[in-house]
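Encoded as structure tokens, the structure appears first; notes follow it.
Labels below follow one simple rule: chain letters A, B, ... track the order of the sequence lines, proteins then strands, and each chain is numbered from 1. Note that the structure is predicted; figures quoted are calculated from it, not measured.
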Amino acid sequence: MAGQTYNVTEDKNRKKFYVLNMFPYPSGAGLHVGHPLGYIASDIYARYKRLQGFNVLNPMGYDAYGLPAEQYAIQTGQHPAITTEQNINRYREQLDKIGFSFDWSREVRTCEPGYYHWTQWAFQKMFGSFYCNKCQSAQPIEKLIEHFEHEGTANLDVAQSEELTFSANEWNAMSDVEKQQVLMNYRIAYLGETMVNWCPQLGTVLANDEVVDGVSERGGFPVVQKRMKQWCLRVSAYAQRLLDGLDTIDWTESLKETQRNWIGRSEGTEMQFKVAGSDIEFTIFTTRADTIFGVTFMVLAPESELVKQLTTPDQQAAVDEYLTYVKKRTERDRISDRKVTGVFSGSYAINPFTGDNIPVWISEYVLAGYGTGAIMAVPAHDSRDYAFAKHFDLPIIPLIEGADVSEESFDAKEGTVMNSPAAGKTALDGFSLNGLSVKEAIAATKKFVTEHQLGRVKVNFRLRDAIFSRQRYWGEPFPVYYKDGMPQMLPEECLPLQLPEVDKFLPTETGEPPLGNAKRWAWDTKTKTVVDNSLIDNETVFPLELNTMPGFAGSSAYYLRYMDPHNDQALVSPEADEYWQSVDLYVGGSEHATGHLIYSRFWNKFLFDLGVSRKEEPFQKLVNQGMIQGRSNFVYRIKDTNTFVSLGLKDQYDVTPLHVDVNIVSGDVLDLEAFKAWRPEYATAEFILEDGKYICGWAVEKMSKSMFNVVNPDMIVEKFGADTLRLYEMFLGPVEQAKPWDTNGIDGSHRFLKKFWNLFWNKEEFAVTDDEPTAAEMKSLHKLIKKVTEDIEVFSYNTSIPAFMIATNELSQLKCQKRAVLEPMVVLIAPFAPHIAEELWESLGHTTSVCDAQWPAFEEKYLVEDTMKMMVAFNGKTRFSIDFPADADNATIEAAARSHELTPKYLEDRQIMKVIIVPKRMINIVMK
RNA sequence: GCCCAGAUGGUGGAAUUGGUAGACACGAGGGACUUAAAAUCCCUUGACCAGUGAUGGUCGUACGGGUUCGAUUCCCGUUCCGGGCACCA
């Protein structure tokens, strides 16, 4: 084992297999037993594939940029690079103890210039690209410029922030800065003034997936909406491809569903509404075009630009007051108290189908960021509109036959349409939906709207562009400088732009990001070097970007970098990429479903468009390992005393439950001396015991320091060995499932390994003979091969291990010491318990590593049962069973039946009419 | 509210295609070895009923129905737990 490496090269003579774990953020707390779960599962798979002859890439690295190191730096002044380095060393030490087969020569760290070179490079490429909807691909921005020079915005079908209209002449007449501003509207990485999630406590903006329930995911601080100029990635351009790609990959249905929800495709209609008494026209988006005859009011988002235009002078004061109120509310407020608020704008819109005047309201329940920020409200068939109409006493017109809308709206898309138009009224061009089903009505309305140019069919996505700036120090710097207020990219050959030194990691006094503290953070365009800020003259020396990139930047393409980690000419060479293609098995937590797993799919699709990545989807199969929860222990202190009472007796006293360190509890029995030594205040503790023991209470909680339920893998390895830890983690339950850690059961796994060992070791020496194995021994072996092979393929390791245990028990009873049986068993156990396998392999007289052995193939002939069972059942019950030889013919079966109770008399007595023999397991069915 | 995935002994969980439910392990109880302890090994362990006993019977996979000779498995409905999305029009 010593000195063995698992380093691989692109060996074209062998088939490749790429196994990947989500790389960890090296936190100061080190690994607990939950972290290695996924690594163990994927390591088993990697070792299995290697034994099958695959060239397996199984790399590991560190997602090294992150908030905790920066916050530690702010508190202590310790440079985050130092903290990160220390934590990485600790992680490596812990990982090495568990015996993973990682190719450490390919290790990456996102914070190293050699790595983030390519993060910056990809960002620059995104800046230099736009998204063409027609060819569904990213294209160089030069192509767009060419289009503008010839046609302006005519015949343009591209992803954009706003729909702009200008002619070729207008474009050509623009100044350079104006052109730059226009292009920003189309770039895939763009500087955009948008509403962002601003977290004042963290002093930075956050992406949508970093905000949970209106507070920051890290720290749980309030988040407010703020208009800011930030770098953004046009992820939304890829929405349809991100959705379609899900059908091509082997992920769990629930994870795909989560991504589908997040992408939020919705097919609907955009319709234009004119404003009464003016030539203003505005557009709304609806999925229920069929409800156009039930519209009784319109609603604008408070942030909508239309608010200014549509507010009448006599409503101005009320509207202003409302806008002030809305501005004060944080995201959290809006979620927690969902009260109905709003104000009338004073204007009326005209229903294009009926000509009716409809009041236009303003309310925060309409979101500026989705659709057009304006809706048509149909209170009868939308619960939100219904609540609004009830609150402000607006009319409600039911449109579905039989729907009772006196108490609540009827939101379901079913039923027969009525009142469309209402009796005695006529709509534009005699249009009517009455009598149609809702589905038909939606289709008919879409058709009518398109033909009469009242609007268009439109697909909307909930997926927002990713905000890509963070006001932090410990992240990738943008390779960007500013000239005339417009961002300029550093020349490609000047990358990487290295993170500068600062003396303070906090924002500057003027509120600029931490990089504002850097003294040497200016770009000299002549020498193409970073120079002192004092040299900035805005002619040849310019200020550099002060924001840094977010956490997901470095993790978005690391799987490509592992293919060719030391290449300083390219992110990945075409040769390496051609060989490794994409990740075959990706293992990690499902908490990344809407973050990393969306961003890296987007990032990879962009690189695919560029021709850098050969596969459109980066991760073919994905397995989410479940979280390992902690199992906390409690002691019960009698109030106002230092006396602790055992679990069974606690109800007789008035007690306070207190968390106790699980490491001084064994099988829920407290180690009293260790408890007294645990904390000074317990040194004089007294105990009320039951049966001479102190029994602790327990509960399943998140594994965390504060609950004293963190179990460190190092301790397990020290006590039982890495193989026991590996085996036990797999035996705990299905890999995908969340489950509590319970050290109690670990003895079983440990005992099994000892038993396995004792198949070879007869207390004095390794004893294995070259005798031919018996059929029974071969059967035991081949059943095991089949079971383990199939289980590994579908990742159900927890059922594989019992198979080992059964086989081991069977063979130990057979006093098996046959080489032909034991050698394959060692190979089989090798993925699960590599250390013991390696030692046994050597003891069997092999000079090569067990990794060079071949995974055994099972032979069908040993699997066939020698006896079959015939089951006799009637009245829904199995009555008895008869054994007979497996190769029996019908006469033999009949004879077997007759020799038992299944005689004609038996059948007659029970009024059994007929016996059916079905194939498969030869089960007999007896019918009355 | 919408969507997805679940529910099996005291516990974690097996049963992969509809075919003897509860593999394997933990825990518990009993026993062997031992001066003793540790270690190891063996037996019992879903519930209930009958029997001294071997054993036999009934019930039993959240709940209520259905399909089937036969359902943990398939279908319909209900309850509960977990996850995702959520003023997304």
Side-chain angles (χ1 to χ4, degrees), chain A residues 213 252-266 268-269 284-289 291 299 301 334-335 338-340 363-367 369-378 381-385 387-388 408 411 460-464 590-591 593-594 624 626 667-668 698 727-728 731-734 736-749 751-752 754-755 758 763 787 790-791 793-794 796 798-806 809 812 869 871-881 912-916 918 920-928:
Chain A
D213 291 336
T252 61
E253 207 38 54
S254 66
L255 194 72
K256 287 186 186 180
E257 201 58 32
T258 301
Q259 291 216 340
R260 288 191 189 109
N261 277 338
W262 190 258
I263 295 166
R265 184 181 199 271
S266 125
T269 316
I284 59 95
F285 175 78
T286 180
T287 53
R288 289 297 300 274
T291 58
V299 189
R334 276 175 93 152
I335 292 165
R338 210 169 269 186
K339 55 187 177 190
V340 179
S363 173
E364 59 178 337
Y365 86 86
V366 172
L367 304 176
Y370 185 77
T372 59
I375 63 153
M376 63 179 214
V378 185
H381 301 292
D382 183 285
S383 52
R384 297 153 300 182
D385 298 343
F388 196 84
E408 55 178 359
D411 291 16
N460 260 330
F461 292 95
R462 210 177 61 83
L463 186 69
R464 296 275 80 89
S590 58
E591 66 272 20
T594 53
N624 289 125
D668 288 338
W698 61 275
L727 211 58
Y728 185 59
F731 190 44
L732 224 44
E736 294 93 336
Q737 193 178 297
K739 54 218 166 239
W741 177 265
D742 183 356
T743 309
N744 288 340
I746 202 163
D747 285 337
S749 300
R751 262 204 295 272
F752 159 68
K754 278 196 275 190
K755 254 191 208 174
N758 288 334
K763 299 212 169 94
K787 172 82 176 143
E790 286 170 355
D791 283 351
E793 288 292 349
V794 299
S796 53
N798 64 316
T799 68
S800 236
I801 292 160
F804 273 114
M805 291 175 172
I806 293 164
N809 278 340
S812 67
K869 256 185 207 324
M871 280 186 297
V872 178
F874 54 89
N875 290 352
K877 266 295 173 197
T878 304
R879 300 294 159 165
F880 60 87
S881 65
I912 294 164
M913 307 299 288
K914 153 163 115 166
V915 178
I916 307 165
V918 294
K920 211 166 154 185
R921 289 174 73 182
M922 299 302 279
I923 290 145
N924 277 23
I925 292 158
V926 182
M927 289 176 71
K928 216 170 168 184

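Comparing B:G12 with B:A89, their P atoms are spaced 40 Å from each other, to the whole Å. For the P atoms, the distance linking B:U67 with B:G10 amounts to 32 Å, nearest Å. For the C1' atoms, the distance linking B:A62 with B:G82 amounts to 15 Å, nearest Å. The separation of B:C81 from B:C4, taken at their C1' atoms, amounts to 14 Å, rounded to a whole angstrom. Straight-line distance between the C1' atoms of B:G46 and B:A21: roughly 10 Å, to the nearest whole Å. The gap from the P atom of B:A38 to that of B:C33 amounts to 16 Å, rounded to the nearest Å. Comparing the P positions of B:U17 and B:A28 gives a spacing of 36 Å, expressed to the nearest Å. B:U35 and B:G30 are spaced 23 Å apart, taking the C1' atom of each and rounding to whole Å.
A:Asn798 comes within 4.0 angstrom of sugar-phosphate atoms only, judged by non-hydrogen atoms across all strands, and of no base. Contacts of A:Val299 with the nucleic acid, taken as non-hydrogen atoms under 4.0 Å apart, are absent. Backbone-only engagement by A:Pro734 is indicated by non-hydrogen atom pairs under 4.0 Å involving sugar-phosphate atoms exclusively. Across all strands, A:Lys787 comes closer than 4.0 Å to base atoms (heavy-atom distances). Within 4.0 Å of A:Leu732, counting heavy atoms only, lie sugar-phosphate atoms of the nucleic acid but no base atom. In this structure, A:Lys256 reaches neither bases nor backbone, as no heavy-atom distance under 4.0 Å exists between it and the strands shown. As judged by a 4.0 angstrom heavy-atom cut-off over every strand, A:Ile806 is placed among residues touching the sugar-phosphate backbone only.
Position along RNA chain B of the nearest nucleotide to A:Ile746 versus A:Glu257 favours A:Glu257 as the more 5'-ward residue. Each of A:Asp742 and A:Thr799 was assigned the nucleotide of RNA chain B with the nearest heavy atom; the assignment lying further toward the 5' end belongs to A:Thr799.
Nearest nucleotide to the side chain of A:Asn261, out of B:C3, B:C41, B:A39: B:C3. Taking only side-chain atoms of A:Asn744, from C-beta outward, the nucleotide of B:G13, B:C24, B:C26 with the closest atom is B:C26. For A:Tyr370, taking side-chain heavy atoms from C-beta onward, the closest of the listed nucleotides B:A89, B:G13, B:A39 is B:A89. The side chain of A:Gln737 lies closest to B:G13, out of B:G13, B:A25, B:C26. Residue A:Met805 has its side chain nearest to B:A25 when only B:C85, B:A39, B:A25 are considered. Comparing B:G84, B:A23, B:A14 by their nearest atom to the side chain of A:Thr258 picks out B:G84. The side chain of A:Glu364 sits closest to B:C87 out of B:A86, B:C87, B:G12.
Note: NZ (A:Lys739) to C1' (B:A14) measures 15 Å, nearest angstrom. Here the C1' atom of nucleotide B:G84 and the CD atom of A:Glu591 are 13 Å apart, to the nearest Å. Going from atom CD of A:Gln259 over to atom P of B:G83 covers 19 Å, rounded to whole Å. A:Asp747 has its CG atom 15 Å from the C1' atom of B:U11, to the nearest Å. Nucleotide B:A25 holds its P atom 15 Å from the NZ atom of A:Lys754, rounded to whole Å. The CD1-P distance, from A:Ile263 to B:A86, rounds to 13 Å in whole Å. One atom, CZ of A:Phe752, and another, P of B:C26, lie 12 Å apart when rounded to the nearest Å. Rounded to an integer number of Å, the gap from NE2 of A:His381 to P of B:G1 is 20 Å.
Contact annotation: the side chain of A:Thr286 never approaches that of A:Val378 to less than 4.5 Å [non-hydrogen atoms, C-beta and beyond]. Within the 4.5 Å cutoff, side-chain heavy atoms of A:Lys755 are placed close to those of A:Asn809. Side-chain contact between A:Thr291 and A:Met376 is present, with at least one heavy-atom pair separated by less than 4.5 Å. For the pair A:Tyr370 and A:Phe285, the minimum side-chain heavy-atom distance is below 4.5 Å. With a 4.5 Å cut-off on side-chain heavy atoms, A:Phe461 and A:Ser266 do not count as touching. For the pair A:Thr258 and A:Thr594, the minimum side-chain heavy-atom distance is below 4.5 Å.
Close to B:C87, at under 4.0 Å from its OP1 or OP2, lies no side-chain N or O of A:Ser363. Proximity of A:Arg462 to the phosphate of B:A86: a side-chain N or O atom is located under 4.0 Å from OP1 or OP2. Phosphate contact (OP1/OP2 of B:A89, side-chain N/O of A:Tyr365, threshold under 4.0 Å): absent.
Aromatic ring orientation, A:Trp741 versus A:Tyr728: perpendicular (interplanar angle above 60°, classes split at 30° and 60°). Ring planes of A:Tyr365 and A:Phe388: tilted class, angle from 30 to 60°.
Stretches of at least 3 consecutive Watson-Crick or G-U wobble pairs, with each checked distance under 3.5 Å, appear in RNA chain B as B:1-4 with B:82-85, B:10-12 with B:24-26, B:27-32 with B:40-45, B:46-50 with B:55-59, B:62-66 with B:74-78.
Here B:G9 is in the syn range [glycosidic angle within 90° of 0].
By the side-chain contact (heavy atoms from CB on, under 4.5 Å) test, A:Leu255 pairs with A:Trp251, A:Thr252, A:Ser590, A:Ala593, A:Leu597, A:Leu622, A:Asn624, sequence neighbours left out. Not counting sequence neighbours, the partners of A:Thr799 by the side-chain contact (heavy atoms from CB on, under 4.5 Å) test are A:Lys787, A:Asp791, A:Ser796.
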